[in-house]
S.K.: 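Structure in structure tokens, see below.
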Protein chains: 2
Amino acid sequence: MVKMSRWSPNARGRLEQAAYELFLDKGYEPTTVADIAKRAGLTERTFFRHYADKREVFFGGAAALQEELLRALDGAPPAFSAIEAVRIAVEAMSKLMHGRRALSRERQRIVAAHADLRERELIKRATLTAALAGALQRRGVREPAASLAADMGMAVFHVGFGRWLEDPAGRELVDVVHEGFDQLKAVASGI
Amino acid sequence: MVKMSRWSPNARGRLEQAAYELFLDKGYEPTTVADIAKRAGLTERTFFRHYADKREVFFGGAAALQEELLRALDGAPPAFSAIEAVRIAVEAMSKLMHGRRALSRERQRIVAAHADLRERELIKRATLTAALAGALQRRGVREPAASLAADMGMAVFHVGFGRWLEDPAGRELVDVVHEGFDQLKAVASGI
DNA sequence: CTCCATGATGGCAGTGACTGACATCAATCA
DNA sequence: TGATTGATGTCAGTCACTGCCATCATGGAG
């Protein structure tokens, strides 16, 4: 039997939905948290029970990315080098963006326009990087190789992501990222 | 002849000094901007004329780093590969930290303890990275090699910086970073 | 010399993000 | 039946940050 609450279900999702609608409509800054809560049929106070702050509502998907990243890394053959394992993990994460290019571009447009949101995005990236480095260490990779490999992998992802959004050929992110690792190797071989 | 102002000189420096003293004394969050301004003999309103926000007072040195980074990159021999040029630039920037290890460690302790400040630090790093990538492009390096090389260089700096702060041997940052580039090459050769 | 523009500052009233404390009340469970 | 739980509401408060206007030495134009 389905549990019935006295509250409308999925408050968190309604808040996220309301936030996106309002951000697209009148922009990020002019939209107050009270506006978002009102549109979701809730109060400002309740918004802050679901999201630590106004920006967080934009980054609900980060947890799923991290799960996939770590899951894939753990699945990489033990014989793989650090950077090969990172490549597997980052490419697996990239597959999650399949079919989301238009959405991603909209979102990126908003994030790029607001320093607040860019800061938050960078911290999400740093968190992913640290998680990746930690998982590499548990795999037996020593420092600073683990941190460097993690940073390099996330750099390839980040650069690839930006190119994917602009790619006129409409390739898949996985493919852009895959190629990025080859380019990384080429650049590094210049030392 | 020296210009005499009716105001005490170096308001900006006094604000920075006051902020550090208060942050070390009672911590970052409990210190209000009004506290800082008062200690500097100014008002809150004036604080915000010198610093865009409360965090910015912590990152006054970033501009000097960027100048040195770009200056050194422009001075690198044209025949150098992208990553070699980046190495020159990042190592030059690293030299600016000479003799500042104790200070840096204090500062890092505060920054690490506050998500706000970590976010701001990441944006400073991203700004440096973007500036470096742009300078590489003006040098003739194409994308995505320029962005990848810039990201790799900043990753080496970042990882090296962390190791430098903890290094029991007390080596210079330049040396830690120099070694970091070799380790980067080793990691990348694993692809 | 007079007057005016400049520029760093102060004062003040506001907005909006975020927090702590307490109340509410349907569902659930002992 | 009665206690507990958990998501929510209400309210007052703090503090970062902004806009607007006033102040007032300095320096230059006339």
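Values reported hereafter were calculated over all heavy atoms of this structure, with side chains retained and with hydrogens, waters and symmetry mates removed. As the structure is a prediction and not an experimental result, all values here were calculated from the model. Residue numbers begin at 1 in each chain, while the letters A, B, ... track the order of the sequences.
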S.K.: Would you indicate what B:Ala11 reaches in the nucleic acid, counting non-hydrogen atoms under 4.0 angstrom: base, sugar-phosphate, or nothing?
M.R.: sugar-phosphate
S.K.: Could you check whether any side-chain heavy atom of B:Val174 comes within less than 4.5 Å of a side-chain heavy atom of B:His98, counting everything from C-beta outward?
M.R.: no
S.K.: Quick check: do A:Phe59 and A:Arg107 have side-chain heavy atoms less than 4.5 Å from each other?
M.R.: yes
S.K.: What's the CZ-C1' distance between B:Phe58 and D:dA16, to the nearest Å?
M.R.: 17 Å
S.K.: How long is the line joining CZ of B:Phe47 and C1' of D:dA16, in whole Å?
M.R.: 10 Å
S.K.: Checking contacts here: which listed nucleotide (C:dG11, D:dC15, C:dT19) is nearest the side-chain heavy atoms of B:Thr32?
M.R.: D:dC15
S.K.: Give the rounded distance in Å between these two atoms: CD of B:Glu56 and P of D:dC17.
M.R.: 10 Å
S.K.: Would you mind reading off the distance between B:Leu42 atom CG and C:dT9 atom C1', rounded to a whole angstrom?
M.R.: 8 Å
S.K.: With no angle test and no hydrogens, is the base of C:dG7 tied to the side chain of B:Arg49 by a donor-acceptor pair under 3.5 Å?
M.R.: no
S.K.: Let me know the distance between NZ of B:Lys54 and P of D:dA16, rounded to the nearest Å.
M.R.: 5 Å
S.K.: Rounding to an integer number of Å, can you tell me how far A:Glu44 CD sits from C:dG20 P?
M.R.: 15 Å
S.K.: Please determine if a side-chain N or O atom of A:Thr46 lies less than 4.0 Å away from the OP1 or OP2 oxygen of D:dG9.
M.R.: yes
S.K.: Taking CZ in B:Arg171 as the centre, count heavy atoms belonging to other residues, nucleotides or ligands within less than 6.0 Å. Is the count above 12?
M.R.: yes
S.K.: Using atom CG of A:Asp35 as one end and atom P of C:dG16 as the other, report the distance to the nearest whole Å.
M.R.: 8 Å
S.K.: From the list D:dC15, D:dT8, C:dG11, which nucleotide is the closest neighbour of the side chain of A:His50?
M.R.: D:dT8
S.K.: Just how far, in rounded Å, is C1' of D:dT10 from CZ of A:Arg45?
M.R.: 11 Å
S.K.: Side-chain contact test, heavy atoms from C-beta onward, threshold under 4.5 Å: evaluate it for A:Phe181 versus A:Met152 and give yes or no.
M.R.: no
